[in-house]
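Below you'll find the structure, written out as structure tokens, and then a few comments.
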Number of protein chains: 2
Amino acid sequence: MDGTALLFAGHQFDQPQAKTAHGLIRGGDRYRVIAVLDQPHAQASADAGEVLDGHARGIPFVSSLADFHAQFPQGADYLVLGVANAGGRIDPSWRPLIEEALQASISVVNGLHEFLSDDAALRALATSNGARLIDVRKPKPKAEQHFWCGRIDEVRCPKIAVLGTDCAVGKRTTTRLLTEACTAQGRRAEWIYTGQTGWMQGGRYGFILDSTLNDFVGGELEHAIVTCWEDTQPELIFMEGQAALRNPSGPCGAEFLVSGQADGVVLVHPPGRIYHKGWQHRGRKLAPLAQEVALIQAFGSLVLGIALNDSGLSESEARDWQQRYREELNLPVVRPLAEGVSGLLPYLPPFPPS
Amino acid sequence: MDGTALLFAGHQFDQPQAKTAHGLIRGGDRYRVIAVLDQPHAQASADAGEVLDGHARGIPFVSSLADFHAQFPQGADYLVLGVANAGGRIDPSWRPLIEEALQASISVVNGLHEFLSDDAALRALATSNGARLIDVRKPKPKAEQHFWCGRIDEVRCPKIAVLGTDCAVGKRTTTRLLTEACTAQGRRAEWIYTGQTGWMQGGRYGFILDSTLNDFVGGELEHAIVTCWEDTQPELIFMEGQAALRNPSGPCGAEFLVSGQADGVVLVHPPGRIYHKGWQHRGRKLAPLAQEVALIQAFGSLVLGIALNDSGLSESEARDWQQRYREELNLPVVRPLAEGVSGLLPYLPPFPPS
């Protein structure tokens, strides 16, 4: 553990954009989350876990840094900017909070494309208060980046890609749940993080895909998988996917199938979502799930199971979709947040190979 | 025109790695190529065009910079490093040549991932001799990069992606030939460059895909297309593809179909190549052409025609493959370097749409 954290969710904790905050509340080994700064929810005196998924976790909302310090006189080690907005810019309205935190010697963790450490005034403020600016997406020096070299062939355990039909559907959460479910059954599994939240959750093997130069994406992925294999010799490796193969603003997924040589895919899909997240005004509809399965097959890979994101669905609607997809695709279909992912485990490839 | 250029091909002018040099000899509006520095070919007193494709262009080989200056006392404005090696590092053995050029006040153009301008000694040498270090792949400042926003919908002319089944098969050359063939028939066409050679050839609209942060690839592509449309209102836009959808070291292609909203694809394929370029030792075979066509269809896009790279094939073998693919795929199949690409033009979408 690096220390305690106050999460800032841009006052939109109940939106998919706050998925970094959601992930850190669901679990992680790097930060112990003690409160969430979010004005609308602070007024309702809610618990962040309760709002997220109905499970209280003793994490209150606070309305300001002053309110936080009133409730937690011991303060926090980190303020984590837990919002992933399109384009990755820092909202100017957040600046007073960032300055206030640094003045209180709280280090600021930023997962956006825009870097706090590029700002001389913030750098000076951090230094003079003994705080740090941690820009998670800052690329590694080019000399430390890896080009793909084919060493992926040396990894002998199965590698499963957790892809999604859209952004913000729960790929990372499903990846972590699968890893935990395998571990609980005595099957040593590891996961490869590919986003800033994964790093913040304490992921040991991975890289931040969307802030990597395109030419090095395959190599950085391979390097993470090979290193994980060499260090831990797991029985199974799950890869956290990014975006979606048909994501309008930038497709992603083939990297895991081709460079990562996935032995199979778990596909996360939100039946309640008609348009790609953020692109309703451009009319970009999600493809039918069967077409996404066919696309993955056209890459020569195999979908092993489906994980449904129930968002926007009633319990009975969610069950209807689950049953419908089971029949239509002849695949196991689970609802990770409602029932866990253990229903998928019998369909994952064995190790050693049988 | 920026000026005259001496091309350096790493003494491997006849290899696919020298494709940047090849492209600049085939044509371009930025540099006038006057000689190629390549020891093996200089000894044979050959003409670079003759060696490239049998068409002499009055471009001799020279064996050294001293040899160049002996033959061309007026010198050159630029030394272009025309080699694209995997990983994109500058070979240490090239350094004496780079220093020698700078001392002769020749600016050095570098398309690799490693930057000359990161080297303080080279920077000083350039400054003191009035020469420039031009690192083509140096990313734009992040604030100048574009995120995808959906403005691609405003482009009303058809957009054709020129994809390939492998690296170094002639995607850029086919793109330029298609643009020229349309123009020759009175159909105003523009092309979007996506690699360093395209920039060196004087491409006006485009970006360098493989040195762009992954999250901005779709947006930079869209921005280039939209700008091209707004500036020139062409009847057709061709997009230069990169790598291949199944390129082991890093897949690419979906960007053009999804974010670039390609209305169709011209697919370049080398029937004489069994393994992906550079990955024979890893046993990475090219997929059958029909499978690549099916993969593009699975993305919801359409292959309009095939362009064959004849490399390694006799004339009769090349014709056999051409006929075989015509029958198997029921698509037009051309051999760009042998016969041009005009055979594809009737199959491109009309503008205005009929």
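Letters go in sequence order (proteins before strands), and every chain restarts at 1. Everything quoted here is computed from the prediction, not taken from an experiment.
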Heavy-atom count check: over 12 atoms from other residues, nucleotides or ligands less than 6.0 Å from A:I274 CD1? no
For chain B, find its close neighbours in residues 257-270 of chain A: heavy-atom separation under 4.5 Å, sorted by number, or none. A:V258, A:S259, A:Q261
For the pair A:D215 and B:R137, evaluate side chain to side chain contact (heavy atoms under 4.5 Å, CB included) and give the outcome as yes or no after the intermediate values. CA-CA 11 Å; A:D215 223 13; B:R137 257 177 175 158; 4.0 Å; yes
For the residue pair B:R89 and A:Q145, what are the closest heavy atoms and their distance? NH2-O, 3.5 Å
Toward chain B, the part of A:N247 with a non-hydrogen atom under 4.5 Å: backbone
Picking from A:G250, A:A254, A:G218, which has the most non-hydrogen pairs under 4.5 angstrom with chain B? A:A254
Would you say the side chain of B:L213 lies within less than 4.5 Å of the side chain of A:T212, judging by non-hydrogen atoms? no
Run the side chain to side chain contact (heavy atoms under 4.5 Å, CB included) check on B:Q242 and A:N214 step by step: do they pass? CA-CA 11 Å; B:Q242 286 295 322; A:N214 197 272; over 6 Å; no
Please classify the contact of B:I152 with chain A as side chain, backbone, both or neither, using a heavy-atom distance under 4.5 Å. side chain
With sequence neighbours left out, write down each residue that passes salt bridge (charged side-chain N to carboxylate O under 4.0 Å, His left out) with B:E230, or none if nothing qualifies. B:R151
Below 4.5 Å from any heavy atom of chain A, which atoms of B:A243 appear? Answer side chain, backbone, both or neither. neither
Would a line drawn from the ring center of B:F147 to the ring center of A:H113 be shorter than 6.0 Å? no
Can you tell me which portion of A:L221 sits under 4.5 Å from chain B's heavy atoms? Options are side chain, backbone, both or neither. neither
Mind ranking B:L209, B:D210, B:L245, B:D153 by heavy-atom pairs under 4.5 Å with chain A and telling me who comes out on top? B:D210
Which residue out of A:H281, A:R246, A:R284, A:H146 racks up the most heavy-atom pairs below 4.5 Å with chain B? A:R284
When rounded to the nearest 0.5 Å, the distance separating OG of A:S249 from CD of B:E222 is 9.5 Å
If you tally heavy-atom pairs under 4.5 Å between each of B:P248, B:A143, B:G150 and chain A, the highest tally belongs to B:P248
